[in-house]
A.B. asks: 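Below are the structure tokens for one structure; questions will follow.
Side chains included, hydrogens not; waters and symmetry mates left out as well; all remaining heavy atoms used.
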Amino acid sequence: MGAIVLGAVVALMPIMTVDAEASSGSPLKKAIEFSKEKITGVKSITIDNQVGDQIEQDDVKKTKQAEEKQQKKKKIPRGVTNLSEVEKAVEFASEKTGVRKDFIMGMLVVESDLGRNPGKCTYGEVEADAERSHKNGQLSETAWNTFQERKNLVKSIADGLGYDYEKLRVSCNPASYAGTGGAMGIPQFMPDTWFEYKDRVAAVVGKENPDPWNVLDGVTAMALKVADVPGVVEHNQWSERAASKLYLSGTTSWRYDWYASEIQYWANNYAKLIG
């Protein structure tokens, strides 16, 4: 009887021992709990990474949508459609600068068809064409660097006016010689020339941020530039011819006499285009 009882007690001891150890934080229990924690932790990290990735994707999507929305808001300036508006702007600029009205009109006819043609190419097309010319060796390194500087100025001008710079209508790259286009707006100024006159235009028209595609601003800019040539405000025709050539080429070379003559012709005959 005692042996039987003793055997029963011995048989029960391992079970009691395991229960006792489990209840007092045994290595087995700790191992089980550690495994649970490890599994839970990995799962938590995986979930956190998924959430993080989703947040990042959402942020990228929102940024892209915001950029697209902002791009849609940007304007594209158009050419002049009302020639009476041009005449008023010319009268204003003539009065403010002293430049002969007919001379300004002649300049406008030749440069931008009285503002109706501020350029036949988009700036994006000019940029792509200039890059091709540079890669195939037609455009020198100096000319390419100048174009890059001007491109940054165009971007700055466009951003300040709320325009999409790639869609701006500007002069095309020349086909007959190595060079770049990009002349802007009513006066067909290169961007660095516009920055040279921008503050003076602002002072005359009473506008903090003038716009070369705006009729009044553009005409005023043109008048200010030719007025800087001695004799122009005295209405001296030879001074006007010199101013025309300087406007086109930066020189008074005889090679540009044809241009000066064309300006004078339209100064006398612009009324044919206005009607």
Side-chain angles (χ1 to χ4, degrees), residues 66-80 89 93 107-108 110-136 138-205 207-226 228 246-250:
E67 289 175 351
E68 289 174 350
K69 188 176 180 181
Q70 184 64 29
Q71 198 71 15
K72 287 179 181 178
K73 284 183 178 180
K74 290 185 176 180
K75 304 172 290 183
I76 303 172
R78 304 295 180 186
V80 173
M107 290 288 298
L108 284 169
V110 176
E111 283 294 325
S112 60
D113 189 20
L114 295 172
R116 292 177 292 192
N117 179 20
K120 294 184 181 295
C121 293
T122 65
Y123 198 86
E125 291 169 339
V126 168
E127 187 176 0
D129 197 20
E131 187 172 355
R132 279 193 298 270
S133 296
H134 177 245
K135 285 181 178 179
N136 63 30
Q138 291 178 320
L139 194 66
S140 70
E141 197 66 30
T142 300
W144 174 247
N145 290 336
T146 299
F147 179 77
Q148 294 301 306
E149 292 171 2
R150 285 175 169 171
K151 180 177 73 173
N152 291 333
L153 292 178
V154 170
K155 286 182 177 180
S156 175
I157 293 167
D159 287 345
L161 295 168
Y163 292 148
D164 182 345
Y165 97 95
E166 289 186 325
K167 295 179 181 178
L168 290 173
R169 286 284 168 183
V170 294
S171 65
C172 301
N173 293 328
S176 57
Y177 61 92
T180 59
M184 308 182 308
I186 307 296
Q188 287 292 280
F189 275 10
M190 283 299 189
D192 41 353
T193 305
W194 176 254
F195 267 96
E196 182 184 348
Y197 283 89
K198 179 182 175 182
D199 289 345
R200 291 173 62 186
V201 174
V204 173
V205 301
K207 181 190 293 183
E208 185 176 345
N209 189 25
D211 177 351
W213 287 271
N214 175 275
V215 176
L216 183 62
D217 300 351
V219 169
T220 300
M222 175 179 277
L224 285 168
K225 183 168 174 58
V226 295
D228 285 342
L246 285 165
Y247 198 97
L248 176 68
S249 68

A.B. asks: Quick one: does any side-chain atom of S112 pair with a main-chain N or O of I186 as donor and acceptor, under 3.5 Å?
C.D. replies: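 Yes.
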A.B. asks: Less than 4.5 Å apart, any side-chain heavy atom of R132 and any of K135?
C.D. replies: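 Contact flag for R132/K135 side chains = no.
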A.B. asks: Determine whether a donor-acceptor pair (N or O, by modelled atom type, separation under 3.5 Å) exists between the side chain of S133 and the backbone of D129.
C.D. replies: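 Yes, S133 side chain to D129 backbone: donor-acceptor pair under 3.5 Å.
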A.B. asks: I need the N173 CG to E125 CD distance, nearest 0.5 Å.
C.D. replies: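 Nearest 0.5 Å value for the CG-CD distance: 10.0 Å.
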A.B. asks: Would you say that Y197 contacts P210 through its side chain, given a criterion of any heavy-atom pair below 4.5 Å between the two side chains?
C.D. replies: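 Heavy-atom side-chain distance check fails, nothing below 4.5 Å.
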A.B. asks: Would you call the rings of Y123 and F147 parallel, tilted or perpendicular, where under 30° means parallel and over 60° means perpendicular?
C.D. replies: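 Rings of Y123 and F147: parallel, as their planes differ by under 30°.
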A.B. asks: Between the side chains of K75 and D211, is the shortest nitrogen-to-carboxylate-oxygen separation below 4.0 Å, so that they form an ion pair?
C.D. replies: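 No.
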A.B. asks: How many angstroms lie between atom NZ of K225 and atom CZ of R200, to the nearest 0.5 angstrom?
C.D. replies: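 The CZ atom of R200 is 10.0 Å from NZ of K225, to the nearest 0.5 Å.
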A.B. asks: Would you say the side chain of M184 lies within less than 4.5 Å of the side chain of V154, judging by non-hydrogen atoms?
C.D. replies: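 In short, these two side chains touch, coming nearer than 4.5 Å.
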A.B. asks: Can you check whether L216 reaches K207 side chain to side chain, under 4.5 Å on heavy atoms?
C.D. replies: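 When only atoms from C-beta onward are counted, K207 and L216 do not touch, as no gap falls below 4.5 Å.
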A.B. asks: If you look at every heavy atom in A130 and T180, which pair is closest and at what distance?
C.D. replies: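 Minimum heavy-atom separation between A130 and T180: CB-CG2, 4.0 Å.
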A.B. asks: For residues A89 and V219, report the shortest heavy-atom separation together with the two atoms involved.
C.D. replies: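 Looking at all heavy atoms of both residues, the closest pair is O-CG1, 3.7 Å.
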A.B. asks: Testing the basics here: between P187 and A221, what is the closest heavy-atom pair and its distance to 0.1 Å?
C.D. replies: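 It is CG-CB, 4.4 Å.
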A.B. asks: Which pair of non-hydrogen atoms, one from D164 and one from K74, has the smallest distance, and what is that distance?
C.D. replies: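 Shortest heavy-atom separation between D164 and K74 comes out as N-CB, 3.9 Å.
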A.B. asks: Tell me whether the rings of H134 and W144 are parallel (<30°), tilted (30 to 60°) or perpendicular (>60°).
C.D. replies: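 Ring orientation of H134 relative to W144: parallel.
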A.B. asks: E196 versus F189: any side-chain heavy-atom pair under 4.5 Å?
C.D. replies: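 The answer is no, as the side chains (C-beta and beyond) never meet within the 4.5 Å cut-off.
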A.B. asks: Do T122 and E166 touch side chain to side chain, with heavy atoms closer than 4.5 Å?
C.D. replies: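 No; the side chains remain at least 4.5 Å from each other.
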A.B. asks: Identify the two heavy atoms, one from M190 and one from G181, that lie closest to each other, and give their separation to 0.1 Å.
C.D. replies: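 Looking at all heavy atoms of both residues, the shortest contact is CE-O, 3.5 Å.
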A.B. asks: Counting distance only, does the side-chain N/O of N214 pair as donor-acceptor with the main-chain N or O of D217 below 3.5 Å?
C.D. replies: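 A pair under 3.5 Å: yes.
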A.B. asks: For N117 and G119, indicate whether the former's side chain and the latter's backbone hold a donor-acceptor pair under 3.5 Å.
C.D. replies: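 Confirmed, N117 side chain pairs with G119 backbone.
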A.B. asks: State, yes or no, whether a side-chain contact exists between P212 and L161 at a heavy-atom distance under 4.5 Å.
C.D. replies: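 Answer yes - side chains close enough.
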A.B. asks: Is there side-chain contact between P191 and I157, with heavy atoms separated by less than 4.5 Å?
C.D. replies: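 Yes, at least one pair of side-chain atoms sits under 4.5 Å.
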A.B. asks: Quick one: closest heavy-atom pair of K120 and R169, and the distance?
C.D. replies: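 Scanning both residues completely, I find the closest heavy atoms to be O-NH1, 2.7 Å.
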